[in-house]
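Beneath this line is the structure, given in structure tokens, with notes to follow.
Since this is a predicted model, take the numbers as computed values, not measurements.
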Amino acid sequence: MTATTGTDDGRDDRAELARLLPPATGFDLPPGRHEHHRERLMNLIDDDTDRSGNRGQDGGRERAARADRPARPCLLRPSFLAPVAALALAGVIAGYTAQVGGGPAAGPEAAQADGNASARAGNAQPVALVLNRISDAAAKSDAGPVGDDQFVYVRSRVQDSDLTSGKLVTGPLKEREIWYAQKPGPLKKLGYIREDGDTLPINAEFGDTDGTREGLTRPTYRWLAALPTDPQKLLEHLTALTPKEEGQEHAQSVFEQIGYLIGETVLPPETAAALYKAAALIPGVTEAPDAVDALGRHGVGIAREDTRHATRSEWVFNPKGLSFLGSRTFLTKDTEIGRKGALLDADAVLKRSVVDKGGVRPQDR
């Protein structure tokens with residue numbers, strides 16, 4: 001999901017700015033993540049352009065313009081921006097970077113993240129046994145069904161990172177609310193996001209001029225319910241759907257894609273159960289005893305390390321009921337961008353629900 005401008009001139013300006021951006025390279029990070037945040041930077045450029053165009057107008061007109069301004073959620077993927085060399089973008093980048101500072105999870109606990117993970121490895125159980133327990137618990141969930149005219153609501157605390165300076169800077173922990181539309185077929189408005197006091201629409205994926213259809217990047221309840229429930233077939237299906245990123249293990253991409261699906265959707269119980277068993281079939285997946293989410297909640301962890309890029313992603317589950325709590329990703333060794341244990345991103349899911357109208361909280365109904 002990304003932003004587009006509303007005029008031909010805007011599209012031309014946006015294309016020129018995109019041309020000035022450097023390719024996603026360097027810093028020992030997966031190229032696909034750089035491209036993801038290259039798009040995010042373009043989204044910020046659109047947002048800044050809209051703000052500039054509305055300066056000096058009366059409050060009512062500005063509020064209306066802000067309501068039409070596109071937005072893009074992070075979707076539980078690491079959120080550090082690609083390094084930018086183009087001087088034409090300096091003002092936009094400086095404005096964004098000024099909003100980001102050190103956050104709670106960047107303290108001593110986060111700095112020891114990788115060391116703690118290594119120390120916990122001796123207590124790990126065979127990952128298939130752990131994921132089978134999580135799968136069994138998910139199969140008993142009463143989640144869903146979700147109607148085609150409804151919205152999936154997820155409220156989380158999230159923490160992202162910024163790489164515009166060439167060094168990893170972890171941002172503050174903040175609350176985010178997202179409403180995902182479930183309507184079948186291509187949509188140009190995929191839902192809404194509320195962050196920093198603003199509620200903004202989520203636009204279709206960049207390039208989807210006719211709208212984005214349900215699928216891997218827009219996983220509606222109906223689409224999720226149609227996935228294979230045999231773990232091996234499901235893994236093969238998701239592996240085929242997940243784009244290959246040059247320089248990144250495809251298995252890591254698939255693991256992170258499953259993490260997205262379990263993180264910000266309402267899953268049909270049969271699909272959820274199959275996803276966890278499918279994750280157990282991915283090479284390199286391990287248990288991470290006493291993992292920690294963005295709020296410091298401890299739980300049962302499932303992890304995979306991308307040794308090529310020195311990053312480790314962990315999913316965290318409530319030790320009592322094995323429900324999903326959150327996730328985090330951090331560096332596993334000293335690199336050019338940061339020290340071992342430095343946090344790339346983290347989240348903690350606080351509430352999931354189904355609502356009839358986008359932008360309306362469950363308790364507001």
Exercise for review: Return yes if some donor-acceptor pair links the side-chain N/O of Glu264 with the main-chain N/O of Ile262 below 3.5 Å, else return no.
Suggested key: no

- Query: Quick one: does Lys340's side chain get under 4.5 Å of Leu331's, heavy atoms only?
  - Reply: no

Worksheet item: Would you say Arg352's side chain and Gly263's backbone share a donor-acceptor pair under 3.5 angstrom?
Response: yes

Between Pro319 and Val300 the two heavy atoms that sit nearest each other are CA-CG2, 4.1 Å

Assert yes or no for the condition that the ring centre distance of Phe317 to Tyr276 is strictly below 6.0 Å. yes

Q | Contact check, side chains of Val292 and Val316, non-hydrogen atoms, under 4.5 Å | A | no

Hey, are the side chains of Val154 and Lys351 touching, using non-hydrogen atoms and a 4.5 Å cut-off? no

**Criterion side-chain contact (heavy atoms from CB on, under 4.5 Å) on Arg176 and Ile193, from CA distance to verdict** = CA-CA 7 Å; Arg176 183 179 73 198; Ile193 180 171; 3.7 Å; yes

**Prompt:** Can you tell if the side chain of Trp179 reaches within under 4.5 Å of the side chain of Arg194, non-hydrogen atoms only?
**Reply:** yes

With Lys277 as partner, the option from Leu235, Ile134, Asn132, Thr229 fulfilling side-chain contact (heavy atoms from CB on, under 4.5 Å) is Asn132

query = Going by heavy atoms in the side chains, are Ile302 and Glu314 under 4.5 Å from each other?
reply = no

Arg213 side chain near Thr220 side chain, heavy-atom distance below 4.5 Å
no

Step-by-step side-chain contact (heavy atoms from CB on, under 4.5 Å) determination, Phe255 to Trp315: CA-CA 10 Å; Phe255 179 78; Trp315 307 336; 3.4 Å; yes

CZ of Arg218 to CD of Glu205, rounded to nearest 0.5 Å, is 10.5 Å

The reported gap from OG1 in Thr271 to CG in Leu261 (rounded to nearest 0.5 angstrom) is 10.0 Å

Check your understanding: What do the steps show when you test Thr307 against Arg312 for side-chain contact (heavy atoms from CB on, under 4.5 Å), and what is the final call?
Key -> CA-CA 8 Å; Thr307 56; Arg312 177 181 172 95; over 6 Å; no

Answer whether the closest heavy-atom distance between the side chains of Leu187 and Lys183 falls below 4.5 Å.
-> yes

Is any side-chain N of the basic residue among Lys174 and Glu195 closer than 4.0 Å to the acidic one's carboxylate O? yes

Okay, side chain of Asp208, backbone of Asp210: is any donor-acceptor separation there less than 3.5 Å?
-> no

Output for pair (His250 NE2, Gln257 CD), nearest 0.5 Å, gives 9.5 Å

For Lys189 and Asn203, test the side chains for any donor-to-acceptor distance below 3.5 angstrom and give the result as yes or no. yes

Correct closest heavy-atom pair for Gly301 and Ala291 would be CA-CB, 3.7 Å

Rounded to the nearest 0.5 Å, the OG atom of Ser313 sits from the CZ atom of Arg304 at a distance of 9.5 Å

Here the gap from Arg328 atom CZ to Asp347 atom CG, rounded to the nearest 0.5 Å, amounts to 11.5 Å

Of all heavy-atom pairs linking Arg361 and Val355, the shortest is C-CG1, 4.4 Å

For Pro184, the side chain to side chain contact (heavy atoms under 4.5 Å, CB included) test, sequence neighbours excluded, returns Asp148, Glu214, Arg222

With Thr329 as partner, the option from Asp306, Asp345, Thr311 fulfilling side chain to side chain donor-acceptor pair (under 3.5 Å) is Asp345

| Got a sec: does the CZ of Arg339 have more than 12 other heavy atoms crowding it under 6.0 Å? | no

message = Are Phe151 and Asp356 packed together at the side-chain level, in the sense that at least one heavy-atom pair is separated by less than 4.5 angstrom?
response = no

Per side-chain contact (heavy atoms from CB on, under 4.5 Å), Ser156 is matched among Asp293, Leu295, Val349, Ile178 by Val349

In terms of heavy-atom contacts, Tyr260 and Pro219 come closest through OH-CD, 3.3 Å

### Message
Using a strict threshold of under 4.0 Å (side-chain N to carboxylate O), is an ion pair present between Lys244 and Glu249?
### Response
no

Scanning both residues in full, the closest heavy-atom pair of Leu234 with Ala278 reads CD2-CB, 4.3 Å

### Message
Using the rule given for side-chain contact (heavy atoms from CB on, under 4.5 Å), can you reason through Val266 versus Leu224, listing the C-alpha separation, both sets of side-chain angles and the distance that settles it, and then say yes or no?
### Response
CA-CA 9 Å; Val266 169; Leu224 291 164; over 6 Å; no

CG of Leu322 to CG of Leu325, rounded to nearest 0.5 Å, is 9.5 Å

What's the verdict on side-chain hydrogen bond (donor to acceptor under 3.5 Å, both in side chains) for Glu305 and Thr332, showing C-alpha distance, side-chain angles and the deciding distance? CA-CA 8 Å; Glu305 182 176 344; Thr332 58; 3.1 Å; yes

I'd like to know if the side chain of Thr212 reaches the main chain of Ala204, judged simply by a donor and an acceptor atom lying under 3.5 Å from each other, with no hydrogens or angles considered. no

Closest heavy-atom pair, Pro228 versus His237, reported as atoms and distance to 0.1 Å, is CD-CD2, 4.1 Å

